[in-house]
Amino acid sequence: MPPCLDVYVWVPEPSSEVFRRFIDGYVNVDDPGDERFHAFRRVHVLGIANDADDKALDELRFEDGDDAFTLYLRARDHYQAIITVTRDGATVLGLSVDAPDDLSETLRQAEQLVEQLRQQFSAPAGLAGVELPPAADRSEWYEEGLVLLRTGELPTP
């Protein structure tokens, strides 16, 4: 299997509407690939959390007492859909696409996808990289390590 190019956008003020639109547009809701998706949806989209949902989402957290977590899901038209709630109270939305041998062509497609997501979710910034994990906070967003494409700027906190 070829590596994946991960494309992300930073959404400074997440809302149930942002999550709903991302899920409706990109997530394979019939087979999301992670049962905790249903808990996420009840908590962050529908606002009807229960103790079991909170416990399920706690399993996703990066560390104990950390509010940040990432949910990796099956996507409709891409390899994967990724939702990260950051330590900064923002959201990072991502899509993974197969990166075959022609990386330059894949990067052109990634640039278009970043701009599409930025417009769709009013995201001030986007980035992409091969096998790039989502940023858990603002400082990770600016790490250069695996980033091949960067566009826009995060708003000043």
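Keep in mind that this is a model prediction, so the values were computed, not measured.
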Original post:
Got a donor-acceptor contact below 3.5 angstrom from the D6 side chain to the L132 backbone?
Top reply: yes
Original post:
Ion pair present between R138 and D88, side-chain N to carboxylate O less than 4.0 angstrom?
Top reply: no
Subject >> K55 and D58 ion-paired at < 4.0 Å >> reply: no
**OP:** Verify, without hydrogens or angle tests, whether R61 (side chain) and D67 (backbone) share a donor-acceptor contact under 3.5 angstrom.
**Re:** yes
Subject >> Given D30, D31, N28, D34, the one that forms side chain to side chain donor-acceptor pair (under 3.5 Å) with R74 >> reply: D31
Original post:
Between R76 (side chain) and V27 (backbone), is there a donor-acceptor pair under 3.5 Å?
Top reply: yes
Subject >> Steps toward side-chain contact (heavy atoms from CB on, under 4.5 Å) verdict (H78, L113) >> reply: CA-CA 11 Å; H78 300 87; L113 187 54; 3.9 Å; yes
Subject >> E17 atom CD, over 12 foreign heavy atoms within 6.0 Å >> reply: yes
Subject >> Main-chain N/O of E144 paired to R150 side chain as donor or acceptor, under 3.5 Å >> reply: no
Subject >> Validation row: R21, V18 side chains within 4.5 angstrom (heavy atoms) >> reply: yes
Original post:
What class does the angle between the rings of W141 and W10 fall in, given that below 30° is parallel, 30 to 60° is tilted and above 60° is perpendicular?
Top reply: perpendicular
Original post:
If you measure from CD1 on I82 to CG on L95, what distance do you get to the nearest 0.5 Å?
Top reply: 7.5 Å
Original post:
Are any of the side-chain nitrogens in E115 or R118 under 4.0 Å away from the carboxylate oxygens of its partner?
Top reply: yes
**OP:** Evaluate whether atom CD of E140 has more than 12 neighbouring non-hydrogen atoms of other residues, nucleotides or ligands under 6.0 angstrom away.
**Re:** yes
